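Everything below concerns the one structure shown next.
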Amino acid sequence: MALLKVIKYGHPILRQVAQKYKHKSEIDQNFIDDLIETMKREDGVGLAATQVAVPRRLVVVTDTKELYIILNPVIAARSVKTETEVEGCLSLPGLQGRVERHLKIVVRGLDRFGEPLEITASNLLARVFQHEIDHLNGVMYIDRAEPESLNWVDYVEDEAGQEKTQLTPTQIEEIQEVFRERYNQDLSELQFEPAEALVEEKV
Ligand code: NI
């Protein structure tokens, strides 16, 4: 197994609409294993293929008890009830923001062998699925986050030597600046904005 490189905000592939799997022979089992390994190693609860620069419709999600692998996922049903909670993303390290998501969803797609799969997810698991499926459509959580809720997260020690989180408010322009300089200097072309049609697609 190999660890894959997680691309960061500003990389144009994060704004692409990922392609469907059309035939079982297209499913690369080694790639799926690498994606899972990468998610675990990065301490993530979800990872979309798009985030390792492979624009195919595949996500892996975990609630620490179970691991879900789903290809061509679609949200078949959504609860009317929503919840707004803090999210982060491996493609946006050091940042968090509050996002409204449906509390419960039904996800349909294919398992790693190309067989039909349906998952009913609630709470955090439902949130992670919505976040990851967004990635397949070139949408990132900061597109949906309440603008005033965007914060840099730092871990600092207080006087007693206890580690605590420190939040520093930020906004989109500053985030783009940081990601241009810190993570994407080797890219000749950056794309921070989502494709226009996708911005309108709200919860
Ligand atoms: Ni993400």
Side-chain angles (χ1 to χ4, degrees), residues 3-19 31-32 34-64 67-75 78 82-102 105 107 109 119 121 123-147 149-153 167 170-172 175-176 178-180 182-184 187 190-195 198-199 201-203:
L3 285 184
L4 307 168
K5 189 182 172 219
V6 177
I7 56 174
K8 305 300 192 293
Y9 178 51
H11 195 301
I13 290 181
L14 288 169
R15 291 316 198 171
Q16 283 186 19
V17 175
Q19 288 197 326
F31 174 65
I32 293 174
D34 290 346
L35 195 64
I36 294 165
E37 180 75 5
T38 304
M39 174 185 72
K40 288 180 177 169
R41 205 63 78 84
E42 299 269 354
D43 266 334
V45 288
L47 192 60
T50 306
Q51 291 180 274
V52 295
V54 176
R56 299 303 301 265
R57 302 191 82 79
L58 162 65
V59 302
V60 293
V61 168
T62 183
D63 59 1
T64 67
L67 175 71
Y68 302 90
I69 300 154
I70 185 160
L71 291 75
N72 299 347
V74 291
I75 300 176
R78 301 163 167 82
T82 63
E83 189 177 54
T84 303
E85 268 300 337
V86 168
E87 286 185 25
C89 179
L90 295 178
S91 294
L92 281 153
L95 192 78
Q96 70 171 41
R98 290 169 61 80
V99 185
E100 183 181 16
R101 302 284 189 188
H102 298 280
I105 56 168
V107 184
I119 299 159
N123 305 307
L124 178 63
L125 189 62
R127 174 170 298 276
V128 179
F129 269 115
Q130 289 167 84
H131 176 119
E132 300 308 330
I133 292 169
D134 267 352
H135 274 303
L136 303 184
N137 295 323
V139 175
M140 299 182 76
Y141 83 83
I142 53 172
D143 307 333
R144 299 193 189 276
E146 299 171 341
S149 75
L150 293 168
N151 277 282
W152 299 114
V153 191
L167 300 181
T170 184
Q171 20 73 27
I172 294 287
I175 296 166
Q176 293 181 354
V178 167
F179 277 80
R180 179 179 293 118
R182 195 177 295 169
Y183 298 104
N184 290 316
L187 293 180
L190 298 186
Q191 191 183 345
F192 288 111
E193 304 300 332
L198 299 171
V199 186
E201 192 209 328
K202 288 282 175 191
V203 167

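Atoms within each ligand, like the ligands themselves, are counted from 1 in listed order. Quick caveat: nothing in here was measured; it's all calculated off a predicted structure.
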**Message:** Between E87 and R144, does any side-chain N to carboxylate O distance fall below 4.0 Å?
**Reply:** no

**Message:** Taking 2.8 Å as the limit, list every protein N, O or S atom around the Ni ion (ligand 1), by chain and residue number.
**Reply:** C89 SG, H131 NE2, H135 NE2

**Request:** Measure the spacing between CD of E132 and CZ of R57 and express it to the nearest 0.5 Å.
**Result:** 12.5 Å

**Prompt:** Would you call the rings of F179 and W152 parallel, tilted or perpendicular, where under 30° means parallel and over 60° means perpendicular?
**Reply:** parallel

**Prompt:** Can you tell which of E100, R101, H102 makes a side-chain hydrogen bond (donor to acceptor under 3.5 Å, both in side chains) with T82?
**Reply:** E100

**Prompt:** Any chance NZ of K40 has more than 12 other-residue heavy atoms, nucleotides or ligands included, within less than 6.0 Å?
**Reply:** no

**Message:** Quick check for you: to the nearest 0.5 Å, what is the distance between L3 atom CG and D34 atom CG?
**Reply:** 8.0 Å

